[in-house]
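Structure record follows, encoded as C-alpha cells.
Because only heavy atoms are used, hydrogens play no part in the values below, and waters and symmetry mates are left out as well, while side chains stay in. The sequence lines fix the lettering, A, B, ..., with proteins before strands; numbering per chain opens at 1. Every value quoted in this text rests on a predicted model; they were computed, and no experiment measured them.
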Amino acid sequence: MKMSKMFVQTLREFPSDAEVVSHKMLARAGYIKKLTSGVYNYMPLMWRVLKKIENIVRDEMDKAGAQELLMPFVQPKELWEESGRWDAYGRELMRLKDRHDRVMCLGPTHEEIITALARDVLKSYKQLPVNLYQIQSKFRDEVRPRYGLLRGREFIMKDAYSFDTSQEGLNKEYENMAKAYTNIFNRCGLPTKMVQSDSGAIGGSVSHEFMVITDTDAGENDVFYCDDCDYSANSNHAVSKLLPAEVDGAKYFTKTEVIDTPNTHSIEELSKFLNIPSTLILKTLVYIVDKKPVLALIRADKAVEETKLMNAVGGVEIRIASSAEIAELMADKGFDAVPGFIGPNGMDGITIIADETVRDMKNFVVGINKTDRHLVGANLSDIPAIENYVDIRLVEAGELCPQCGRPLKVTKGIEVGNIFQLGTKYSKPMKAFYLDENGKAQPYIMGCYGIGISRTAAAAVEAHHDEHGIKWPISIAPYHVVIVPVNIKDELQMKVAGEMYEKLLSAGVEVVLDDRDERAGVKFKDADLIGFPFRVTVGKTINDGLVEYKVRETGEVLTLKPEEAVEKLTDIILSK
RNA sequence: CGGGAUGUGGCGCAGCUUGGUAGCGCACCUCGCUUGGGACGAGGGGGUCGCACGUUCAAAUCGUGUCAUCCCGACCA
C-alpha cells in the first residue's frame, strides 16, 4: 500500500468528544469516523484490524469444532414473543416496522433465530452435539453509548450457540469454548482474566466473562479477584466472607424503644448521633424493580449490588427510587417519613428482600417510617418476619475470598467476551426438540458464547499505546511495516525504499510505503500514531548502504543493510 | 430516563455579555523554498453560524421551541 493513496486522515489534535484513550487514538489516527452517536465508519485501517481479529476468532472456533454461518440482522417480532423476550429485552432492542406494518427488530443477539433454525434442522440425537457461530454487526440501543468502539449501538460481534443432549455435553463444550477464548485473546496480544459473572438478559445459570484488566476508565466493570487462589468475579456476581464486625448493640441499648434522632438523614449522621458503629444499623433502601417498589434491607456499612437484588426479585429492570416515588410509597402506606427514616414495618404488600448480613444483627437500630425517629435496641422479632436471607451485597476489596479466605482485591476490566450455559431457557419455550434414542422429544441443552470483535480492537488499543499513539500487537496490526523514505526527491532513497517494499510484499509481509511528499517529522509522527509495529527509515545513511530499523513496541533501533532489514522483518513477521 | 454542558468550513477554537452581515490555527489547492521528529513565504478554495418560529431597519449574537452531540448515574460484547 502506498501511503499517498491510502484513504485515511490523521488529525493533529484529539477530537473533543473522545474521552478514553482508545477512542481518542482511533479517531485521531484515522481508524474510525463517527456517523452518529454510537455508530462508526470503520476506515480501511480499522477494517484490516477487525478482519485480523475475526480471522483469529474463525481459526480458533473452527479448530474447536464450531461451524460458521450467517443469520439475518432483521428479525420478526414473533420469534421474540416465543422466547418471551420481546417485552423482557426492553428498550435496548431496536424495533422497526416494514411497509405492511409488520413489526421487526434489528438483532442484538441471535438466540431466537438460531433456536428456530435448529429446531427445523436438528431432529435427531444423532445430529448432536453442534456448535454454530457467526460474525456480524449487532444492534443495541444502549441507554448511553460511549467510549467509541467500547460501547457502540452498532458493533461487530462473534456469537456462537451450542446444542447438546445432556448437561455433561454442555459442560464439555463450555470448557472447550473457554479454552478457545483464552487462545483467541492470547493470540490477539490481550491477556484476559476469566471471571464469574451474572448472566443478565441473556439468561441461564452459569456464565463467565473474559476481562482485559485495565486501570483506566475504559474498564467499566469491577473485577474482584484473589491472588492466592483462582477466584475472580464481576462485582455483579462476586461473593465474599465478611470481616468480623460488631453486630450486637447490647452494650449501647438496654431496651427496645423509639427515640428521637433529629436530622439524621444519612447513615453517617445517624451513627455519629448515636455514637455507634454503622454495623449496628439496619439500612432500608427503596428500589423500583419493573416499576414496582421493593425494599432492600442490609447492614448499613454495606452497599446493595443492584443486579443481585434484581435477580432476587426476579425482575429485569432495576433502579433506586426517586424521592418522589418514596414520598408516594409513604403516603400510600399512611406514613410521613423522608429517606433516612424508612423501615420495613407496616409495609404490607411490598416485596422485602433482606441481605444475609441482616441475619446476625442484634439490638440494632432501624427506621420506623417516622421522620426524625428510629427504633433502637431492636431485634429481628421487631420487624416483619424474613423468610429467607439472600446475598444482595456489593463486595468490597479487603473482604475475604469465598474459596480460600485470603483478602480479595479489586481492579477494572473491559469485558471482551463471555460464555453462558443457557440450558433449556430457549429450547423449552420455543419448543425446540430433538428425538432421543427412545424416540422421545427432548429440548436441546444450549450454551452461547460471545466475543465483541470491535470492542476487542478498542481494548487492544487501551492495552497497547503510549503518548505518541498505538502500539499494535503484530497479530492484529493493520500492516506490519512502514517504509519511510526521508526525501522522496532523493533518487537513491526512493530506489532502495521501493526495492525493499517489493521484496517485503512478495515475501508476504504487509507493508506500507510512505511515499508522501512530506517532511520526515510528519511521517514519523503518523507512523507512531497509526502504530505500525516496525518502521524502516531510508535516509542519508543509504549513501553508506544502511537503513534504520525501528521497533514500535520497544523503541529498539538498529542500523542495517537493506537486505538484512528485509530478512529480519520477514523472519520475525512470518514466524508469528 | 434523571443531572450537567455544548452546537460556528474536515479537525481544534474565538466572536455572543454590549445585534451592524463571520474570523484564527491545523488540514486542503497553487507556486517557491525546505527534507531525520508535526518547517517557512506568497497566493487560493471552502461555512445560509444545528433547525424552526419570534423580536428588530438589521440576528451567529436577544427570546421561545425543537433536534443533535458530549459528560456523570442504572445496561452489556
Side-chain angles (χ1 to χ4, degrees), chain A residues 9-20 23 27-28 30 33-38 57 89-92 108-109 135 137-159 181 197-202 207 209-212 217 220-221 234 236 287-289 305-307 309-310 316-320 322-325 414-420 448-459 468 484-490 493 516-529 535 537-542 547-548 550 557:
Chain A
Q9 181 186 37
T10 59
L11 306 173
R12 289 287 177 103
E13 289 161 287
F14 291 114
S16 61
D17 62 356
E19 190 72 10
V20 299
H23 187 193
R28 182 170 165 197
K33 283 278 272 181
K34 186 172 74 181
L35 179 62
T36 183
S37 177
V57 169
Y89 212 94
R91 287 200 301 268
E92 211 175 287
T109 174
I135 298 174
S137 293
K138 292 282 189 279
F139 302 85
R140 294 186 190 174
D141 200 355
E142 292 283 347
V143 190
R144 185 142 112 77
R146 60 175 163 180
Y147 298 160
L149 260 34
L150 285 171
R151 178 171 300 280
R153 294 195 294 173
E154 176 175 338
F155 58 98
I156 301 175
M157 177 170 158
K158 185 281 303 183
D159 47 324
Y181 272 39
S197 72
D198 180 70
S199 45
I202 308 288
S207 81
E209 294 167 337
F210 287 77
M211 296 282 189
V212 174
D217 283 349
E220 296 186 272
N221 299 270
N234 189 313
N236 65 20
Y287 282 87
I288 305 293
V289 178
E305 185 1 86
E306 297 188 354
T307 303
L309 174 60
M310 185 175 77
V316 296
E317 204 178 330
I318 187 168
R319 61 184 170 79
I320 192 103
S322 66
S323 46
E325 285 164 330
I414 301 170
E415 183 194 349
V416 288
N418 68 13
I419 54 180
F420 297 93
C448 79
Y449 317 90
I451 290 180
I453 302 286
S454 40
R455 181 182 282 181
T456 297
H468 302 294
V484 179
V486 168
N487 182 351
I488 67 163
K489 298 198 173 78
D490 182 307
Q493 288 183 22
R516 293 176 299 169
D517 186 10
E518 291 286 354
R519 294 166 66 87
V522 173
K523 299 188 192 184
F524 292 157
K525 289 284 184 192
D526 277 345
D528 288 347
L529 183 61
R535 189 182 85 198
T537 307
V538 184
K540 281 182 186 138
T541 57
I542 196 58
V547 300
E548 180 193 272
K550 186 170 187 187
V557 175

Notebook entry, point to check: Under the ring pair (Phe, Tyr, Trp, His ring centres under 6.0 Å) test, which residues partner A:Y449, sequence neighbours left out?
Noted result: none
Next item on the list: Look at the side chain of A:N487 and the base of B:rG36, then say whether one donor and one acceptor between them are separated by less than 3.5 Å.
Entry: no
Margin query: According to ring pair (Phe, Tyr, Trp, His ring centres under 6.0 Å), who are the partners of A:F139, at least two apart in sequence or on a separate chain?
Written below: A:F73
Check: Does a distance-only test, which skips hydrogens and angles, find a donor-acceptor pair under 3.5 Å between the side chain of A:R28 and the base of B:rG38?
Finding: yes
Next item on the list: Check every strand shown and say whether A:N221 touches a base, only sugar-phosphate, or nothing at a heavy-atom separation below 4.0 Å.
Entry: base
Notebook entry, point to check: Which part of the nucleic acid, if any, lies within contact of A:V522, taking any heavy atom under 4.0 Å across all strands shown: a base, the sugar-phosphate backbone alone, or nothing?
Noted result: base
Notebook entry, point to check: Taking CD1 from A:I288 and P from B:rG2, how many angstroms apart are they, rounded to a whole number?
Noted result: 15 Å
Between the protein and nucleotides 24-34 of chain B, which nitrogen or oxygen pairs come in under 3.5 angstrom?
| unit_1 | atom_1 | unit_2 | atom_2 | d |
| --- | --- | --- | --- | --- |
| B:rA27 | OP1 | A:R12 | NH2 | 2.9 |
| B:rU34 | O2' | A:R519 | NH1 | 3.3 |
| B:rU34 | O2 | A:R519 | NH1 | 3.2 |
| B:rU34 | O4 | A:K489 | NZ | 3.3 |

Notebook entry, point to check: Listed by chain and number, what are the side-chain hydrogen bond (donor to acceptor under 3.5 Å, both in side chains) partners of A:S454, not counting sequence neighbours?
Noted result: none
Checklist line | C1' atoms of B:rC13 and B:rC1, separation to the nearest Å | finding: 32 Å
Check: Shortest non-hydrogen contact from A:D141 to A:R153?
Finding: OD1-NH1, 3.2 Å
Notebook entry, point to check: Side chains of A:T307 and A:D198: do they bring a donor and an acceptor to under 3.5 Å?
Noted result: no
Notebook entry, point to check: For B:rC1, which nucleotide in any strand shown is its Watson-Crick or wobble partner with both distances under 3.5 Å?
Noted result: B:rG73
Notebook entry, point to check: Is there a Watson-Crick or G-U wobble partner for B:rC13 with both distances under 3.5 Å, and which nucleotide is it?
Noted result: B:rG23
Next item on the list: Send over the distance from A:N234 CG to B:rC75 P, rounded to a whole Å.
Entry: 10 Å
Next item on the list: Measure from CZ on A:R319 to C1' on B:rG3 and round the result to the nearest Å.
Entry: 15 Å
Next item on the list: Report yes if the side chains of A:R140 and A:F155 come closer than 4.5 Å at any heavy-atom pair, otherwise no.
Entry: yes
Next item on the list: Please give the nucleotide sitting opposite B:rC28 as a Watson-Crick or G-U wobble pair, both distances under 3.5 Å, or none.
Entry: B:rG44
Check: Looking only at atom P, what distance separates B:rC16 and B:rC76, rounded to whole Å?
Finding: 47 Å
Notebook entry, point to check: Rounded to whole angstroms, how far apart are CD1 on A:I488 and P on B:rU35?
Noted result: 14 Å
Notebook entry, point to check: Is there a donor and acceptor pair closer than 3.5 Å between the side chain of A:K550 and the base of B:rG37?
Noted result: yes
Checklist line | Separation of B:rC13 C1' from A:F14 CZ (nearest whole Å) | finding: 17 Å
Next item on the list: Would you indicate what A:G417 reaches in the nucleic acid, counting non-hydrogen atoms under 4.0 angstrom: base, sugar-phosphate, or nothing?
Entry: sugar-phosphate
Notebook entry, point to check: Within the structure shown, what part of the strands sits under 4.0 Å from A:D159 by heavy-atom distance: base, sugar-phosphate, or nothing?
Noted result: nothing
Note to self: What contact category does A:E142 fall into here, base, sugar-phosphate, or nothing, at under 4.0 angstrom with non-hydrogen atoms?
What the structure shows: base
Notebook entry, point to check: Under 4.0 Å between a side-chain N/O of A:K138 and OP1 or OP2 of B:rA77, yes or no?
Noted result: no
Next item on the list: Taking the side chain as every heavy atom from C-beta outward, state whether A:K34 and A:D17 have any atom pair closer than 4.5 Å.
Entry: yes
Next item on the list: Find the distance A:D141:CG to B:rA77:C1' and express it as a whole number of Å.
Entry: 16 Å
Next item on the list: Mind checking side chain to side chain contact (heavy atoms under 4.5 Å, CB included) for A:R12 and listing every partner two or more places apart, or none if nothing turns up?
Entry: none
Taking only N/O atoms, report every protein-nucleotides 67-71 of chain B pair under 3.5 Å with atom names and distance.
| unit_1 | atom_1 | unit_2 | atom_2 | d |
| --- | --- | --- | --- | --- |
| B:rU69 | OP1 | A:T36 | OG1 | 2.9 |
| B:rU69 | OP1 | A:S37 | N | 3.2 |
| B:rU69 | O3' | A:K34 | NZ | 2.9 |
| B:rC70 | OP1 | A:K34 | NZ | 3.3 |
| B:rC70 | OP2 | A:S37 | OG | 2.9 |

Next item on the list: Have a look at A:R516 and say if it touches a base, only the backbone sugar-phosphate, or nothing, with a 4.0 Å heavy-atom cut-off.
Entry: nothing
Item checked: For A:I488, side chain to side chain contact (heavy atoms under 4.5 Å, CB included) partners two or more places apart -> A:M494, A:D517, A:K523
Item checked: For atom CD1 of A:I320 and atom P of B:rG2, their distance in whole Å -> 18 Å
Next item on the list: Grab the CD-C1' distance between A:E220 and B:rA74 for me, whole Å please.
Entry: 12 Å
Next item on the list: Just jot down the side-chain hydrogen bond (donor to acceptor under 3.5 Å, both in side chains) partners of A:R535, sequence neighbours excluded, or say none.
Entry: A:T537, A:E548
Item checked: Aromatic ring of A:F524 stacked on base six-ring of B:rG36, 5.5 Å, 30° -> no
Notebook entry, point to check: B:rC75 base to A:R140 side chain: any donor-acceptor pair below 3.5 Å?
Noted result: no
Margin query: My understanding is that only residues two or more places apart in sequence, or in another chain, count here; which of them pass side-chain hydrogen bond (donor to acceptor under 3.5 Å, both in side chains) with A:R519?
Written below: none
